[in-house]
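As structure tokens, the structure follows; a few thoughts come after it.
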Amino acid sequence: MNRDEKAKMINNVGYWWHSIDCGDGLVTPGFKTIDILNNEWKSIGINNLTGRTVLDIGAWDGYFSFKAEECGAKRVCALDHYVWSLDLEFGNKIRKDILEGRRVMPQEPIRMPSIWNPGMLPGKKGFDTAHTLRNSKVEQYVADFMKMDLVELGTWDVVFFLGVLYHLQNPLEGLKRLALITRELAVIETQGIYINSLEQKGLFEFYEADELNNDSSNWFAPNLLGLQKACRAAGFREVQVSSPYPPDGAAYAGNNLLPCRLTVHAYK
Ligand SMILES: C[S@@+](CC[C@H](N)C(=O)[O-])C[C@H]1O[C@@H](n2cnc3c(N)ncnc32)[C@H](O)[C@@H]1O
């Protein structure tokens, strides 16, 4: 395939979440820019996965799965189902209409039949395209992590759980399931909260509707201690923060609640 053909394949994907290097100077135009992803990878703090098996839960376009492959993992699997089932291009148009008042929020906004298509997996086109263009050997698994058979999934040395926890209605159950399939290390990245005066309390903020980022698929965001306690209650031995902490802006927040992102390494 020549460079123009590759560029055409990239342009044929309606919406990219990740900016992924596909060779020949071509990078996919992701909502998450290269700078954002470089910073996230730095916060994850892993550079060598030689000989490890890696499962990437909530992989979306697969940036972190491909990164694990680059870092020498002997086997990598990308697992997702939710955004892979969405027509993201049409979904984003509807979202814009709702935000700008041209359309009313439906009760089940995400699973509207016009954009929810688990049979055709329209939202997986980005992953498939990057996978082809990179000649990747990353395996793929279409499944809801909260409902799937964990025996069939097996255990993995390293599991990425990046940007998934706050989308779960039952985060403790999610962490328990994560602990069951993790052999060594789970890397958990999540929306979080920071309140200086309540640092010694384990907290989760709850969102009843779409008050976090206008997104009704967001449910809970923990502070660091809440996340550490929940991981230990779920079956992890030790939990260390790997993102910069206290988070950016903490010095100016006083005792107000500061929304932030948290990344931890949870060890079995
Ligand atoms: C905010 S995105 C994060 C994507 C990517 N991990 C990253 O950090 O850029 C959340 C991802 O988790 C996936 N997801 C949410 N709930 C899931 C579940 N129960 N099983 C599998 N994937 C899930 C979504 O489909 C989506 O791809």
Side-chain angles (χ1 to χ4, degrees), residues 13 15-20 28-46 54-69 76-88 91-92 95 109-111 115-118 121-128 130-131 138-150 152-153 156 158-178 180-181 186-192 207 210 212-221 242-243 259 261-264:
V13 176
Y15 181 81
W16 283 98
W17 180 248
H18 289 150
S19 300
I20 300 171
T28 63
F31 175 83
K32 280 192 179 179
T33 61
I34 291 186
D35 282 352
I36 291 174
L37 288 162
N38 281 342
N39 276 334
E40 289 187 6
W41 186 250
K42 215 163 128 196
S43 285
I44 286 170
I46 289 181
V54 178
L55 175 68
D56 180 12
I57 298 173
W60 201 327
D61 291 331
Y63 172 87
F64 295 102
S65 309
F66 301 133
K67 204 75 189 166
E69 191 175 42
V76 183
C77 181
L79 185 151
D80 211 311
H81 85 113
Y82 192 67
V83 296
W84 282 358
S85 300
L86 293 175
D87 181 334
L88 296 164
N92 278 326
R95 188 175 153 84
I110 298 301
R111 294 186 187 195
I115 57 170
W116 179 252
N117 192 344
L121 299 175
K124 188 166 170 285
K125 203 167 166 187
F127 174 83
D128 291 337
H131 191 270
V138 168
E139 298 165 31
Q140 43 197 289
Y141 207 140
V142 183
D144 180 339
F145 178 63
M146 295 305 286
K147 293 187 180 149
M148 68 185 301
D149 179 357
L150 294 186
E152 192 184 319
L153 182 59
W156 298 77
V158 178
V159 184
F160 293 164
F161 205 54
L162 310 173
V164 180
L165 185 70
Y166 56 96
H167 289 299
L168 304 182
Q169 294 192 17
N170 193 338
L172 182 58
E173 186 60 25
L175 291 172
K176 281 184 179 172
R177 291 174 70 81
L178 183 63
L180 283 174
I181 55 149
V187 183
I188 303 164
E189 192 274 343
T190 182
Q191 178 73 30
Y207 309 106
D210 64 350
L212 178 64
N213 301 335
N214 293 305
D215 183 347
S216 56
S217 73
N218 295 330
W219 295 100
F220 289 95
S242 72
S243 50
R261 301 294 291 204
L262 298 170
T263 309
V264 298

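Model, not experiment: these values are computed from the prediction. All residue numbers refer to positions in the sequence shown, counting from 1. Counting starts at 1 for both ligands and their atoms, following the listed order.
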Looking at [X], which atoms of ligand 1 are within less than 4.0 Å of one of its heavy atoms?
X: Phe145; result: 18 (C), 19 (N), 20 (N), 21 (C)
X: Ala143; result: 20 (N), 21 (C)
X: Asp144; result: 18 (C), 19 (N), 20 (N)

Return the residue, atom name and 0.1 Å-rounded distance of the protein heavy atom closest to [atom].
atom: atom 1 (C) of ligand 1; value: Gly163 O, 3.4 Å
atom: atom 2 (S) of ligand 1; value: Trp60 CE3, 3.7 Å
atom: atom 27 (O) of ligand 1; value: Asp80 OD2, 2.6 Å

Would you say [X] contacts ligand 1, with heavy atoms under 4.0 Å as the rule?
X: Trp17; result: yes
X: Tyr166; result: yes
X: His18; result: yes
X: Gly123; result: no
X: Phe64; result: yes

For Phe31, which of Tyr63, Trp16, Trp17 qualifies under ring pair (Phe, Tyr, Trp, His ring centres under 6.0 Å)? Trp17
Between Glu189 and Ile44, is a side-chain contact (heavy atoms from CB on, under 4.5 Å) present by the stated rule, with each step listed? CA-CA 8 Å; Glu189 192 274 343; Ile44 286 170; 5.7 Å; no
Among Leu162, Asp80, Ile181, which residue meets the side-chain contact (heavy atoms from CB on, under 4.5 Å) test with Ile57? Ile181
Any side-chain heavy atom of Gln191 sitting closer than 4.5 Å to one from Pro259? yes
Is it true that Arg261 and Glu40 have a side-chain N and a carboxylate O under 4.0 angstrom from each other? no
Per atom 17 (C) of ligand 1, closest listed option by heavy atom (His81, Glu189, His167): His81
Is the [X] ring parallel, tilted or perpendicular to the [Y] ring (thresholds 30°, 60°)?
X: His131; Y: Phe66; result: tilted
X: Trp84; Y: Phe127; result: tilted
X: Phe160; Y: Phe64; result: perpendicular
X: Phe161; Y: Phe145; result: perpendicular

Ligand 1 and [X], any nitrogen or oxygen pair closer than 3.5 angstrom?
X: Trp84; result: no
X: Val164; result: no
X: Gly58; result: yes
X: Leu79; result: no

Taking NZ in Lys176 as the centre, count heavy atoms belonging to other residues, nucleotides or ligands within less than 6.0 Å. Is the count above 12? no
